[in-house]
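Please read these numbers as outputs of a predicted model, since none were measured by experiment.
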Amino acid sequence: MNRTETTRASLAVPIVLIVALFFLWGVANNLNDVLISHFKGLFSLGDFGAGLVQSAFYLGYFCLAIPAALFMRSYGYRAAVLLGLILYGAGALLFWPAASALSYPAFLAALFIIASGLAFLETSANPLIARLGSPETASRRLNFAQAFNPLGSITGVLVGRAFILSDSTVEQLDRTQAAAAVQMPYLFIGIGVLVWAVLIRLAKFPPIATQPDVEEGVGAASDFAWLLRSPRFLMGVLAQFFYVGAQVGVWSFLIRYVETVLPGTPATTAAGYLTASLIAFLVGRFVGVALMGRVRPLLLLAIFATAAAILCAIAGVVGGMTGVLALVGSSFFMSILYPTIFAEAVDGLGPRTKAGSALLVMAIVGGAVFPAVMGLVSDAGGSIVGAMLVPAACFLVVLAFGLFHLRRPA
């Protein structure tokens, strides 16, 4: 075996262990969409109260994004991954006492802790995968790893559909039993995540993963100050804020929407449409990447954002099966928006790229804001249908970002 083959063999286990993280945080992200429907009945919540599931979750990302990057710089990639897994596992295990106490605030606290862990995982796993191997194949490895994220998302919905959702009405359910439905899934998730942390700790990683790297900092204070004075970059942060809010909002209330516009639809059947949305999202990502070989990314972003806005508007006005299919279809057009906004926003930042990346990660706090806004609209109007006009408006902000940047030379 030559030196190159030996190096590849020694990196195989670390790569497998880190790639699995993309799957694990996908599971957590989209289990929330099931929890919103479940908690709404369990705690007799309005749509605003149920939407606080995402508010608690994405606030964890917002609060921990920069601390996670600073921790990674001081202690290395693997240490950040381990801390992220510990927080993720601890938050999942806290679902057990939260269910026993029938406490909605305790569930929200547990979700905040899970998201805090995911902030560490996402901040560290992406650059770590890129550096575990040859720089020439870094992009290929990262795209391969990211393919496991939507698979985790689909798995999360399927787990929630099988073990958490019930087709019984609230009146037919015993609250204690309904609360207990979340205990076993999250117990297994928590144990599995902590076992994975042990495996990563025991595995042999190269020095690049275990040693501090001051060159991978998040940027100096002057970098952030410069970025906050850059209209072009701030427009990218704004677009990311609105995009994530729209995506999370549509997926958060899709089950509720189906149950509203198709009366009598069982919750487990309604969850099937959410699964279909995630599959459409996955297909859209591959189609979008293929189209970018022929169409300017910003032009494609503008087209996809327009289509998503139109489909959400149809869902917000028409309702019925037409509205359901429009929402499912909108996921196809969401697929390329996040990475395209990210890439265009940091383009040309040079040494300020790390600081810009941290601010763009923080922009996903839109996922905490807009589901709550949609809940308020729904509670005020008496139906979740009209609330779908909120993500439609969000996609128009993304469209404005694309049109603004299209004026720049290719």
Side-chain angles (χ1 to χ4, degrees), residues 22 25-26 29 58 61-62 64-66 68-69 72 118-119 121-131 138-150 153 216 218-219 223-224 226-228 230-248 281-282 284-286 288-289 291-292 295-305 308 331 333-368 370 394-395 397-406 408 410:
F22 291 75
W25 76 61
N29 276 308
Y58 284 94
Y61 272 99
F62 177 76
L64 272 295
I66 290 180
M72 180 180 68
L118 299 189
L121 293 182
E122 294 205 37
T123 301
S124 54
N126 282 289
L128 179 53
I129 277 291
R131 303 191 72 174
S139 179
R140 188 185 310 166
R141 285 194 304 277
L142 190 54
N143 277 285
F144 173 75
Q146 288 176 342
F148 284 81
N149 184 248
S153 298
E216 289 298 314
V218 296
D223 292 336
F224 288 104
W226 185 92
L227 290 169
L228 293 176
S230 169
R232 188 179 73 83
F233 175 76
L234 288 178
M235 196 165 183
V237 172
L238 190 67
Q240 204 70 288
F241 174 79
F242 277 89
Y243 164 69
V244 175
Q247 183 206 74
V248 174
F281 183 84
L282 178 61
R285 177 161 289 176
F286 287 110
V289 170
L291 288 175
M292 282 183 186
V295 182
R296 285 184 63 185
L298 279 170
L299 176 58
L300 196 64
L301 176 139
I303 294 170
F304 273 40
S331 293
F333 295 102
M334 295 181 200
S335 56
I336 66 159
L337 301 186
Y338 182 94
T340 307
I341 294 170
F342 199 103
E344 293 296 333
V346 301
D347 182 39
L349 293 184
R352 300 185 180 95
T353 298
K354 296 182 182 67
S357 297
L359 291 175
L360 285 165
V361 169
M362 292 179 70
I364 68 173
V365 74
F370 286 102
C394 291
F395 287 123
V397 176
V398 178
L399 171 61
F401 167 81
L403 294 177
F404 176 83
H405 282 260
L406 269 174
R408 298 165 58 211

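Residues Glu344 and Leu301 are not in side-chain contact: their nearest non-hydrogen atoms beyond the backbone lie 4.5 Å or more apart. No side-chain heavy atom of Val365 sits less than 4.5 Å from a side-chain heavy atom of Tyr61. Gln240 is not listed as a side-chain neighbour of Leu337, based on a closest heavy-atom distance of 4.5 Å or more. Residues Ile129 and Phe22 meet the side-chain proximity criterion, which asks for heavy atoms closer than 4.5 Å.
Heavy atoms only, all atoms of each residue included: Leu399 and Ala305 are closest at N-CB, 3.9 Å. Ala363 and Val237 make their closest contact through CB-O, 3.7 Å (heavy atoms, listed as atom of the first residue, atom of the second, distance). Contact between Met362 and Ala65 at its shortest, heavy atoms only, is CG-CB, 3.7 Å. Closest non-hydrogen pair, Met292 versus Thr340, comes out as CE-OG1, 3.3 Å. When all heavy atoms are compared, the tightest approach of Gly288 to Ile336 is CA-CG2, 3.7 Å.
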For a side chain to side chain contact (heavy atoms under 4.5 Å, CB included) check, start with the C-alpha distance between Phe233 and Leu360, then their side-chain angles and the critical distance, and finish with the verdict.
CA-CA 9 Å; Phe233 175 76; Leu360 285 165; 4.1 Å; yes
Between Asn29 and Tyr58, does a side chain to side chain contact (heavy atoms under 4.5 Å, CB included) hold up when you go through it step by step?
CA-CA 10 Å; Asn29 276 308; Tyr58 284 94; 3.7 Å; yes
Before you tell me yes or no, could you show the steps for Gln247 and Tyr338 under side-chain hydrogen bond (donor to acceptor under 3.5 Å, both in side chains), namely the whole-Å CA-CA distance, both residues' side-chain angles and the distance that decides it to 0.1 Å?
CA-CA 10 Å; Gln247 183 206 74; Tyr338 182 94; over 6 Å; no
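Rounding to the nearest 0.5 angstrom, the gap separating the CG atom in Leu234 from the CG atom in Leu227 is 8.0 Å. Separating the OG1 atom in Thr123 from the CG atom in Leu128 is a distance of 12.5 Å, to the nearest 0.5 Å.
Remark: the backbone N or O of Met334 is paired with a side-chain donor or acceptor of Tyr243 at under 3.5 angstrom. Judged by distance alone, with hydrogens and angles left aside, the side-chain atoms of Ser335 form no donor-acceptor pair with the main-chain N or O of Ser331 at under 3.5 Å.
For the ring pair (Phe, Tyr, Trp, His ring centres under 6.0 Å) test with Phe241, the passing option among Phe370, Phe62, Phe401 is Phe370; the others fail.
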